[in-house]
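I have placed the structure first, in the form of structure tokens, so that the comments after it can refer back to it.
Chain naming here is simple, since letters A, B, ... match the order of the sequence lines and numbering starts at 1 in each.
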2 protein chains.
Amino acid sequence: MTDSGNTTLRLSEILRRKNLSVTDSRRKILTLFLESKDALAHGNIEKKAGEKFDRVTVYRTLQTFVEKGIIHAIPTSDNSVRYALCRDCTEGHHHDDHVHFVCGNCAKTICLDDIVSPKIDLPKGYHASNVQVVINGTCSDCLVS
Amino acid sequence: MTDSGNTTLRLSEILRRKNLSVTDSRRKILTLFLESKDALAHGNIEKKAGEKFDRVTVYRTLQTFVEKGIIHAIPTSDNSVRYALCRDCTEGHHHDDHVHFVCGNCAKTICLDDIVSPKIDLPKGYHASNVQVVINGTCSDCLVS
DNA sequence: GTAACTGCAAAATATTTGCATCCTT
DNA sequence: AAGGATGCAAATATTTTGCAGTTAC
């Protein structure tokens, strides 16, 4: 991120497009997502933001972002819920049908945006609206080092 | 479940095979899983068991069962963790690579044991150990009614 | 100016830990 | 009898709610 002017514009742009008023916390939290390569859990955000804002604000902001289609929640087998930017979701309409990767070594959760979830044949009577894939394994960084 | 004698045998059998001592709570909780068609969350278990045993026991029993490969945790995008029986996992070695289905209407989570997770081509450097698929949609019961 | 957002306090939930007692083997 | 499992109490951690003050538009 070299051009902070542009970045700020972009931030406000994103928020405004979703009919959200542009506030400090929203800008900061959105920035975290834009700058992060991997998915963020609630705890990460509180810390990374440099203990600037309230835990409650983080909860509410994340919820708002999910509702508005700015970020999506990623399922994991342990308790932790992680969030990552959506590519092109709209309010109430998520279509984040891409694969998620969780590294068992560094614990990073990564969106593989370009790998779309496969079609899966379901038994009679079942209707799928959305397929989420989470792959556990070792990420490229951890395999190398 | 018509033959309760056999069922009891089966329960003890399962537990003993995993080197677990056979206790009331374990038998009861295991029974819940054997009798349930859908996955159970911690809360379900506490209730279904007829408030017989302590919340802490439920936590510990679930954890033990997961470790021993009796049940597996199913990832969901909301906070709730659900558990379902494993088919043939062993201590420390889960291979529950089947598809899970979550009904958006009745909220039931179901193991589709016979539908195995697809192979997915990952980017260079990534190594998969395990692929989990969660499909959201409408289950057969809810489509009919 | 008004509606919406934040931050604090506190309530409600959920999860973990320690320890004495009880049960399984 | 010995080791492990349970249940209670209590410590932690997590999430939600209410409300007064502040900010964006």
Side-chain angles (χ1 to χ4, degrees), chain A residues 8-32 39-68 70-71 73-83 91, chain B residues 8-33 39-68 70-71 73-83 91 107:
Chain A
T8 306
L9 252 180
R10 192 175 160 206
L11 287 172
S12 313
E13 185 76 17
I14 293 173
L15 292 171
R16 229 169 286 146
R17 223 178 263 159
K18 304 286 184 177
N19 295 313
L20 290 175
S21 47
V22 181
T23 67
D24 271 4
S25 351
R26 285 177 181 166
R27 260 203 306 260
K28 278 180 196 156
I29 293 179
L30 186 48
T31 302
L32 289 181
L40 302 174
H42 178 277
N44 295 320
I45 294 165
E46 255 188 283
K47 282 182 201 162
K48 280 207 186 182
E51 24 249 302
K52 289 281 180 177
F53 31 63
D54 201 74
R55 181 171 301 146
V56 178
T57 302
V58 176
Y59 279 115
R60 289 195 271 227
T61 304
L62 288 175
Q63 187 182 302
T64 305
F65 281 8
V66 170
E67 283 166 4
K68 294 291 184 175
I70 297 176
I71 61 176
I74 301 171
T76 54
S77 334
D78 58 330
N79 274 2
S80 70
V81 194
R82 288 170 176 274
Y83 302 90
E91 182 161 2
Chain B
T8 305
L9 252 181
R10 193 176 161 204
L11 288 172
S12 312
E13 186 75 17
I14 294 173
L15 292 171
R16 230 169 287 146
R17 222 177 264 156
K18 304 287 183 177
N19 294 313
L20 290 174
S21 47
V22 181
T23 67
D24 272 3
S25 352
R26 285 176 182 166
R27 260 204 306 260
K28 279 182 196 154
I29 294 179
L30 186 49
T31 302
L32 290 180
F33 279 108
L40 302 173
H42 178 276
N44 295 319
I45 293 166
E46 255 189 284
K47 282 182 201 161
K48 282 205 185 183
E51 24 248 304
K52 290 280 180 177
F53 32 62
D54 201 73
R55 180 170 302 143
V56 178
T57 302
V58 176
Y59 279 115
R60 289 196 270 226
T61 304
L62 289 176
Q63 187 183 301
T64 305
F65 281 8
V66 170
E67 283 166 2
K68 293 292 184 174
I70 296 177
I71 61 177
I74 301 171
T76 54
S77 334
D78 58 332
N79 275 1
S80 69
V81 194
R82 288 170 177 274
Y83 301 90
E91 182 161 3

- Whole Å only: how far is the CZ atom of B:Arg60 from the C1' atom of C:dT15? 11 Å
- Query: Between B:Arg26 (side chain) and B:Ser21 (backbone), is there a donor-acceptor pair under 3.5 Å?
  - Reply: yes
- Item | Rounded interatomic separation in angstrom, taking CG from B:Asn19 and C1' from D:dA5 | 15 Å
- Whole-Å distance, A:Leu20 CG to C:dA4 P, equals 12 Å
- Query: Quick one: on DNA chain D, does B:Thr61 or A:Tyr59 contact a more 5' nucleotide (nearest heavy atom)?
  - Reply: B:Thr61
- Item | Separation of atom CD1 in A:Ile29 from atom P in C:dC5, rounded to whole Å | 13 Å
- Query: Side-chain N or O of B:Ser21 less than 4.0 angstrom from OP1 or OP2 on D:dG4?
  - Reply: no
- End-to-end axis angle, where each axis spans five pairs of the helix from C:dG1-D:dC25 to C:dT25-D:dA1, to 10°: 40°
- Query: When you match B:Arg16 and A:Asp54 each to their closest nucleotide on DNA chain C, which lands nearer the 5' end?
  - Reply: A:Asp54
- Query: What distance separates B:Arg60 CZ from B:Ile29 CD1, expressed to the nearest 0.5 Å?
  - Reply: 11.5 Å
- Message: So, using side chain to side chain donor-acceptor pair (under 3.5 Å) as the criterion, who are the partners of A:Arg27 when residues are at least two apart?
- Response: A:Asp24
- Query: Just checking A:Val22: base, sugar-phosphate only, or nothing, at a heavy-atom cut-off of under 4.0 Å?
  - Reply: sugar-phosphate
- Query: Which is it for B:Tyr59 and B:Ile45 under the side-chain contact (heavy atoms from CB on, under 4.5 Å) test, yes or no, and what are the steps along the way?
  - Reply: CA-CA 10 Å; B:Tyr59 279 115; B:Ile45 293 166; over 6 Å; no
- Task: Show your working on side-chain contact (heavy atoms from CB on, under 4.5 Å) between A:Asn44 and A:Tyr83 and close with a plain yes or no.
- Result: CA-CA 10 Å; A:Asn44 295 320; A:Tyr83 302 90; over 6 Å; no
- Message: Any side-chain N or O of A:Ser25 below 4.0 angstrom from OP1/OP2 of C:dT6?
- Response: yes
- Item | Whole-Å gap separating P (D:dT23) and NZ (A:Lys28) | 12 Å
- Are any of B:Thr23's side-chain N or O atoms less than 4.0 Å away from OP1 or OP2 of C:dT24? no
- For the pair made of NE2 in B:His42 and C1' in D:dT14, what is the distance, rounded to whole Å? 15 Å
- To the nearest angstrom, how far is A:Arg26 atom CZ from C:dC5 atom P? 4 Å
- Message: Tell me the interatomic distance from A:Arg27, atom CZ, to D:dT23, atom P, rounded to whole angstroms.
- Response: 13 Å
- Of all residues at least two apart in sequence or in a different chain, which pass the salt bridge (charged side-chain N to carboxylate O under 4.0 Å, His left out) check with A:Lys18? none
- Query: Is there a side-chain contact between B:Val81 and B:Ile74 (heavy atoms, below 4.5 Å)?
  - Reply: no
